[in-house]
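Labels below follow one simple rule: chain letters A, B, ... track the order of the sequence lines, proteins then strands, and each chain is numbered from 1. Keep in mind the model is a prediction, meaning the values are calculated, not measured.
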2 protein chains.
Amino acid sequence: MEREELSGEQEHAEALQMYTIERPVYNEAHLRSQLLHRKERTSITRQKLALWFQCSSQRAKAAVLSFLPILTWLPNYPVKEYLFNDVVSGLSTGVVQLPQGLAYAMLASVSPVYGLYSSFYPVLLYTFFGTSRHVSVGTFAVISLMIGSVAVREAPDSMFLTMSTNGSNETAILDVMARDARRLQVAVVLTTLVGLIQMVLGLLRFGFVAIYLTEPLVRGFTTAAAMHVVISQFKYLLGVKTMRFSGILSAVYSIKAILSDITSTNVAALILGLLCIVLLYGVKQLNERFKKKLPIPIPGELIVVIVSTGASYGLSLADKYKVDIVGEIPSGLRLPVVPAFSLLPNLVTDSFAIAIVGYSMGISLAKIFALKHNYSVDSNQELIALGLCNFISSFFQTFTVTCSMSRSLIQESTGGKTQIAGLLASLLVLLVIVAIGFVFQPLPQTALAAIIMVNLLGMFRQFRDIPALWRTSKIELAIWLVSFVASVLLGLDYGLLLAVAFALLTVIYRTQSPKNAVLGSVSGTGLYYDVEEYEEAMECEGIKIFQSNSSIYFANCELYVNTLKEKTGINPEHLQASRKVQKKEKEKANLNLTLKDKEQGVTHEVLSYNVEEEQKNGQLRDGNTESDTEDAVFLRSVGGVHSIILDWTPASFIDSVGAKAIKQVIKEFAAVDVRVVIAGCNRTLLSQLDELQFFSGIISFEMVFPTLHDAVLDCQHSVPALCPNMGPL
Amino acid sequence: MEREELSGEQEHAEALQMYTIERPVYNEAHLRSQLLHRKERTSITRQKLALWFQCSSQRAKAAVLSFLPILTWLPNYPVKEYLFNDVVSGLSTGVVQLPQGLAYAMLASVSPVYGLYSSFYPVLLYTFFGTSRHVSVGTFAVISLMIGSVAVREAPDSMFLTMSTNGSNETAILDVMARDARRLQVAVVLTTLVGLIQMVLGLLRFGFVAIYLTEPLVRGFTTAAAMHVVISQFKYLLGVKTMRFSGILSAVYSIKAILSDITSTNVAALILGLLCIVLLYGVKQLNERFKKKLPIPIPGELIVVIVSTGASYGLSLADKYKVDIVGEIPSGLRLPVVPAFSLLPNLVTDSFAIAIVGYSMGISLAKIFALKHNYSVDSNQELIALGLCNFISSFFQTFTVTCSMSRSLIQESTGGKTQIAGLLASLLVLLVIVAIGFVFQPLPQTALAAIIMVNLLGMFRQFRDIPALWRTSKIELAIWLVSFVASVLLGLDYGLLLAVAFALLTVIYRTQSPKNAVLGSVSGTGLYYDVEEYEEAMECEGIKIFQSNSSIYFANCELYVNTLKEKTGINPEHLQASRKVQKKEKEKANLNLTLKDKEQGVTHEVLSYNVEEEQKNGQLRDGNTESDTEDAVFLRSVGGVHSIILDWTPASFIDSVGAKAIKQVIKEFAAVDVRVVIAGCNRTLLSQLDELQFFSGIISFEMVFPTLHDAVLDCQHSVPALCPNMGPL
C-alpha cells in the first residue's frame with residue numbers, strides 16, 4: 001500500500017540506487033578454506049530432542065486442551081455478545097440440516113431416518129472436539145454418494161432375489177427389507193472404519209494428507225461426483241424403478257437403465273419434482289440476490305419439504321398416483337448397536353478414500369473461515385475430531401459426515417460465532433427425531449431428489465474451470481480433466497486414486513520437461529539470460545553457459561546430458577571418434593607417403609589438410625608437434641569453445657545417478673580439452689555432492705563457483721581471450 | 001588437467017582476479033520496461049516444424065539405415081583387421097552361450113532345447129538390427145526366471161493332475177507332457193508380446209523408459225532376482241522333486257517345500273552338483289586372476305557340461321542313481337509355429353514388466369561399451385532391435401532374450417570388434433542344434449543348476465551397496481531396499497512395479513522435505529548463506545531472507561508458508577488476532593475509563609501499556625494517533641522486521657495452488673505492514689507467474705528482483721535503517 005503512493009520520480013530515484021560489488025572472484029575451494037566457517041550445530045539438535053522428550057504438567061495440560069478444544073473457548077464464552085447470533089445461526093442451519101439429512105440418506109441408500117441421526121450425533125460431538133467455529137458438520141452429498149455406492153456394491157439387488165413359483169411361471173421377488181438392512185450395516189460399519197482411520201491419521205499427525213488433493217483435482221472430482229449424484233436422482237425425479245448401479249461405468253449403466261424404462265415415468269412424481277426444483281431454485285436465487293437485505297436466508301429446503309409433504313398428504317399422492325414417499329420414520333432415539341465388523345475386510349480401500357475425501361473437504365472449508373475471521377484451526381485436531389464424530393456416532397447407526405459447504409456458508413453468514421451454533425442445529429434435529437419425525441412420512445422422494453439436485457447445481461459451475469485453466473496452466477487442466485473423467489467413468493473411489501497418482505506424476509513430468517537455455521550476459525550487469533529469448537543477452541566468446549531449470553536425478557540426467565551436448569553444439573563422442581579416424585588416416589597417410597602415393601583421394605585430402613595445419617601451428621606452439629596439430633583440429637571443431645559453465649542455480653537436489661552422469665560428461669569434455677565448471681550451486685546441493693564423493697579425480701572445488709558471474713570471470717581469465725560482450729565491468 | 005599444473009602462486013593470482021559490478025538496483029518492472037527486450041521467436045518454431053515435416057530421399061535413406069544398421073557398418077567392414085578378432089571372440093562367446101542356453105531354459109521352465117533355439121535365432125537377428133558392437137544378446141537369468149514364473153503361474157502343476165483309481169486307493173498323476181507343452185506355449189506367446197511391446201515402444205521413440213529404472217532400483221531388483229534363481233535351483237542341486245511356486249511369497253513357499261522334502265535328497269546329484277560348483281567357481285577365479293595372461297578365458301561352463309555329461313553317461317547316473325538328466329534333445333530346426341495368442345489376455349502386465357526390464361538391462365550394457373569404445377548406440381533402435389529379435393524368434397519357439405552381462409564381457413574382452421562376433425556365436429549354437437544336440441542328453445540337471453548358481457554369485461556382491469548407500473544417500477538406500485524386499489516377497493513383477501512407484505515417490509518426497517533457511521549476507525561479497533550454518537552470514541536488520549530449496553506447488557506450498565512463518569518468527573495471524581484483542585480491550589478500557597475503573601487487572605495492564613505507547617509515539621508521527629499507536633505496537637511485536645525476502649533462486653516451477661498460497665501470505669504480511677518481495681526468480685518461473693495472473697492486486701513487478709542482493713538493497717532503501725552487516729559495499 002505504501003508503495004502505491006510512490007510517485008514516478010521517487011521510483012526513478014529508487015532505480016538509481018546503486019548495486020556495487022567489488023571483490024575477488026571466488027571459487028568453492030576459496031570459500032571453504034577462507035571465507036565460510038561452519039557453525040557447530042550438534043547442540044541444537046540435542047536441545048530439540050531434549051525438548052521433544054520433556055514431560056511436564058504444562059505439556060499434559062496443553063495436550064488435553066488441544067484434544068478437547070471446547071475447554072479453551074467455552075469458559076470464556078461471551079454470552080451477551082455471542083449467544084443471540086449463535087441461536088439465530090444455529091436455527092437457520094438446523095432447518096437446512098434437516099431436509100438435507102433426509103435427502104442425502106437416499107444417496108447413501110439407507111432410510112431417511114438415518115440421515116436424521118447423522119445430522120444429530122456427529123454435529124453434537126463436533127461441538128466438543130472441533131476447532132473450527134464456522135463449519136457445519138453433517139451429511140454431505142459427495143460422501144453420502146460414496147457411501148451409497150459401496151453399500152450397493154456390497155449388497156446388490158441380485159443378492160436378495162428369491163424365486164417364487166406362482167403356478168406355472170417363476171417370478172423373482174426382491175426382499176427389500178433384508179437388502180436395506182444389509183445396506184445400512186455396510187454404511188454403518190464403513191463409517192466406523194472411516195472414523196477409525198481419521199482418528200489414527202490425526203494422532204499420527206497426518207493432517208497434511210489433504211494437500212495431495214490439489215485444487216484442480218478436487219474440483220474435477222466434485223464435478224464428477226455432482227454428475228453421479230444427479231444421475232442417481234433422475235430415477236426418483238421420474239419415479240421409475242431401476243436398479244442402482246455401482247463400480248466402473250455405473251453412470252453409463254444408470255442412464256441406460258433409466259432411458260430404457262422411461263416409458264414408465266410417474267407423471268405426478270415428475271411434475272411435483274419439477275415444481276420443487278423451480279421453487280427451490282427460485283428461493284436460492286432470491287437469497288443470492290438479496291443477500292444483504294435478508295437477515296437470515298429463506299429456508300427453501302424446509303419450505304419444499306413442508307409444502308410437498310402437505311401436498312402429498314392432502315392429495316394422497318402415494319395411494320392415488322403411486323408416488324414414492326419416504327415411508328416409516330420411527331420416533332425417538334435408539335440404543336447403540338455394535339457395527340457388523342464381519343463386513344470390514346471388503347471395505348478397507350473404500351474407507352481410506354472416504355476418510356481422506358471427507359477430511360479434505362472439511363479442512364479446506366475450515367481454513368477458509370479461519371483465514372477470514374483470523375483464528376487458526378489445527379489440522380490434526382480437525383482430523384481427530386471428524387474421526388471421533390464418525391466413530392462414536394456410527395454406534396448409533398449414522399453414516400459418514402463431513403463439513404458441508406452450503407450449510408457452513410449459511411452458518412457463517414447468519415452470524416454464527418462459535419461451535420454453539422452447530423450444537424443448536426443438532427438440537428433442532430433431535431427435536432424433530434424425538435417429537436415430530438412421523439410428520440415427514442408422506443414426504444415424496446421426488447421432492448428430496450429435487451433438493452439434492454438443486455443443491456448440486458452450483459458444482460456444475462466448476463466446468464468454467466476448463467477454459468480458465470486452459471489459459472493459465474495446461475498441466476492443471478490435465479489434472480482437472482483426468483480427475484473428472486476418471487471419477488465419472490471408474491467411480492469415485494478408483495477415479496480419486498487415479499487422479500492422485502496422475503497429479504503426483506505431473507510433478508515428475510515437470511522435472512523431466514525443464515526449460516533448457518544457453519545463457520548470455522547482459523553487458524555490465526552481472527545478469528545472465530537466455531540468448532534465444534532476449535536481445536540484450538550476448539554469449540561470451542569461448543564460453544557456453546547451460547542452464548536447465550530442474551534438479552538432476554535418475555529420471556532426467558540423461559536428458560540433461562543430451563540437451564547439454566545439443567544446446568552447446570559440442571559432442572565429445574563425435575569429436576573423439578573423428579580424432580581417432582583422423583589419427584588413423586594420418587598414420588596410414590604417413591605410411592603411404594613412404595610407399596609413394598598409393599592411397600585414395602580421401603586420405604589425400606586429409607593428409608594435405610593435416611600438413612597445412614601442421615605448418616600453421618608448428619610455429620605457434622612447441623612440444624610434441626603431432627599432438628598439437630590434433631588439438632588445433634579440435635579447437636577448430638568445437639568452434640573455439642574452451643569452457644562450459646553449468647548453471648545449477650535452479651537445481652535443488654541431485655542423486656548418485658545424476659552425479660555420475662555429470663562426472664562422466666565432465667570427463668568426456670575434458671578429453672576434448674573443454675573445461676566444464678559449475679556455478680550457482682546451493683549449499684544443500686554441495687553437501688549432497690560431497691556425500692556422493694563427487695569431488696574426486698579430475699573434479700575439484702576449483703571448478704565450483706558461488707555465482708555465474710564468478711564462473712564466467714574465471715573462465716575468461718584461465719583462457720585469456722577477451723569476451724567482447726562483458727562491457728565495462 | 002591444465003589446472004593441476006597451476007602452482008599455488010598462480011592460484012593466488014587467480015583468486016585476486018576481481019569481481020566488479022556497479023549498476024543501479026533493478027527490479028522486474030525496470031527489467032521489463034528498459035533492460036530486456038524479447039526476441040521474436042515464432043519464426044524459429046515454424047522453421048523447426050517445417051524441418052520436421054520435410055520429406056526427402058535423404059531422410060528416407062537415413063531412416064532405412066537407422067533401421068538396418070548393418071547396412072552402415074558391413075560394407076566398410078575391414079576384413080583383415082577385424083575378422084580374426086571377431087572369430088576368436090565369437091567362438092569364445094558361443095561356448096558360453098551354449099551351456100547358459102541349456103541352463104536358463106530350466107529357469108524359464110521349458111525343455112533345454114528351447115534354450116538352444118533362444119541362443120540362436122535372436123542372436124542371429126541382432127546382427128542385422130543392433131547398434132551395439134559388443135553386447136551379447138541371448139538368454140539371461142533374470143528374464144528367464146520372470147518368464148518361468150509366469151509360465152508356472154499360468155500352467156501350475158495342479159492343472160494337470162488326473163485322478164486315477166488304482167484298486168482301492170486314489171492317486172493323483174501329473175501329466176508332465178501336457179504341462180510342459182502348456183508352459184512352452186505361455187513362454188513363447190509371452191515372448192511374442194514382449195517383442196511387440198518393445199518394437200512399438202521403440203517406434204514411438206520411448207527409448208527413455210529405461211531411465212525410470214534407476215541404478216539402486218536395478219541393483220536391488222537383480223539381487224532379489226538372483227535370490228529367487230538360487231532358491232529355484234536348490235531343488236535341482238539336491239535332486240528333490242518339489243513343486244515350483246510363483247507369485248507372492250513364492251520364495252518362502254519354495255524354501256519351505258525343499259526343507260520339508262530334504263530327506264529325499266539324491267546324494268549322487270548333490271555331490272555332482274557341488275563338484276561342478278567348485279570346478280566352475282575355480283575356473284572363474286583363475287580367469288579373473290590371470291585375465292591379462294590368458295588370450296581367451298577358460299570356458300568353464302563348457303568344461304562342466306562336457307565333464308558332467310561324460311560322467312553321467314559313463315556311470316549311468318540316470319539309471320543307477322536316479323539323477324535327473326536333461327533328456328531328449330531333438331536334432332535340427334523346426335518349422336515356424338504361430339504362438340497361442342488365446343493365452344494373451346492374462347500376460348499383458350507381465351510382458352510389460354519383462355519388456356522393460358529386458359530392454360533396460362540391454363541398453364545399460366550397450367551404453368557402457370559404447371562409452372568405452374567411443375561410438376554411440378541409438379536407444380530407440382536398440383529397443384526396436386530387441387523387439388524384432390524377440391518377436392520374430394518367438395515364431396520359432398524361443399523365450400525372451402536380452403543382453404547378458406557375463407557373456408558381453410567375454411565377447412568384449414576376447415577382442416570382439418563388431419556384431420560379426422555375435423553372428424559367429426549363434427552359428428556355433430546352430431551347429432550344435434543341427435549336428436550334436438543329442439550328445440547333451442545325459443547331462444545332469446544338477447550340473448546346469450551349478451552353472452546357474454555360480455553365474456549369479458556375482459550379483460550377491462551387490463549387498464555391499466547397502467553400507468555404501470547408507471553413507472552417501474539414505475533415499476537411494478531406501479529405493480534399493482524397497483526394490484529388493486518387494487521383489488523377493490511379492491515376486492519380480494509386482495516387486496518391480498512397487499519399486500518404480502516408490503522411486504518416483506522419493507522425488508515427490510524430496511520436494512516436500514526441502515532445506516529451509518534464513519539467509520544472511522557475507523559482508524561485502526553480495527553472497528548470502530544460511531545464518532544457522534555459517535559464522536560469516538549475518539542477518540540484515542529489519543530484513544528476513546527466507547530460502548527453501550524446492551519448487552512451490554500443491555504438495556508443499558502449505559509447508560512452505562508454515563515454515564516461512566516459523567523461520568522468520570512472524571505470524572501475521574497471531575499479530576492480527578492480538579491486534580483485534582488489543583483494539584477491543586482498548587475500546588473497553590476507554591469505555592471503562594469513563595466509567596471510572598471498573599475493569600479487571602488484565603485490562604488495566606494493557607491500558608497502561610497502550611497509554612505508555614501512545615505517549616512515546618504520539619510525538620513521532622502525525623495523522624491518526626490511534627492507528628499509529630497500533631502500528632507501533634505491531635512493529636514492536638514483529639521485532640522490527642519491515643521486509644521479508646523470498647529467495648526463489650532454487651525454485652523451478654510453480655502451480656496455481658502455490659501461487660495462490662504465496663499471494664495469500666503476501667497479503668497477510670501486508671496487513672501487518674511487513675513488505676514481502678521476491679528475489680532470484682528465474683525467467684521461466686516468472687512467465688508461469690504471469691500466466692497464473694499472479695501480478696495483480698497488491699502484487700507488482702516492483703516486488704520482484706533479479707538477484708537477492710538487488711532485493712536487499714531495495715528493502716534497505718525503502719526503509720532507511722542501515723544494515724550493519726553489509727560492510728563496505
Inset, instruction - Taking the side chain as every heavy atom from C-beta outward, state whether B:Asn682 and A:Lys515 have any pair of such atoms under 4.5 Å apart. - result: no
Inset, instruction - Count the heavy-atom pairs under 4.5 Å between each of B:Leu371, B:Asp690, B:Thr707, B:Thr511 and chain A, then report the option with the highest count. - result: B:Leu371
Legend entry - Part of A:Ala503 within contact of chain B (heavy atom distance under 4.5 Å): both
Inset, instruction - Could you grab the distance from atom CG of B:Leu527 to atom CD1 of A:Ile21, nearest 0.5 Å is fine? - result: 7.0 Å
Legend entry - Toward chain B, the part of A:Lys367 with a non-hydrogen atom under 4.5 Å: side chain
Inset, instruction - State the CG-CD1 distance between B:Leu505 and A:Ile508, to the nearest 0.5 angstrom. - result: 7.5 Å
Inset, instruction - Report yes or no: is the cationic atom of B:Arg683 (NZ for Lys, CZ for Arg) under 6.0 Å from the centre of the six-membered ring of A:Tyr529, at an angle within 45° of the ring normal? - result: yes
Inset, instruction - For chain B, find which of A:Lys660, A:Arg471, A:Glu536, A:Gln512 contributes the most heavy-atom pairs closer than 4.5 angstrom. - result: A:Glu536
Legend entry - Side-chain heavy atoms of A:Pro216 within contact of B:Val657, under 4.5 Å: yes
Legend entry - Interchain contact, A:Ser551 with chain B, by part (heavy-atom threshold 4.5 Å): neither
Inset, instruction - Evaluate the side-chain proximity of A:Val507 to B:Val507: yes if any heavy-atom separation is below 4.5 Å, no if none is. - result: no
Legend entry - chain B contact via A:Tyr534 - side chain, backbone, both or neither, heavy atoms under 4.5 Å: both
Inset, instruction - Working to the nearest 0.5 Å, report the span between OG of A:Ser652 and CD of B:Gln547. - result: 10.0 Å
Legend entry - Value rounded to 0.5 Å, distance of OH in A:Tyr19 from NE2 in B:His709: 5.5 Å
Inset, instruction - Heavy-atom distances under 4.5 Å only: say whether B:Glu558 touches chain A with side chain, backbone, both or neither. - result: side chain
Inset, instruction - Just give me the residue among A:Ser656, A:Ser473, A:Pro706 that pairs up with chain B most often, heavy atom to heavy atom, under 4.5 Å. - result: A:Ser656
Inset, instruction - Give, as side chain, backbone, both or neither, the part of A:Leu685 having an atom under 4.5 angstrom from any heavy atom of chain B. - result: neither
Inset, instruction - Locate the shortest heavy-atom distance separating A:Ala555 from B:Tyr212; write the atom from each residue and the value. - result: CB-CE2, 4.2 Å
Inset, instruction - Would you kindly say whether A:Glu476 and B:Tyr553 are connected by a side-chain donor-acceptor distance under 3.5 Å? - result: no
Legend entry - Value rounded to 0.5 Å, distance of CD1 in B:Ile654 from CZ in A:Arg510: 9.5 Å
Inset, instruction - Measure the OG1-CG distance between B:Thr684 and A:Asp530 for me, rounded to the nearest 0.5 Å. - result: 8.0 Å
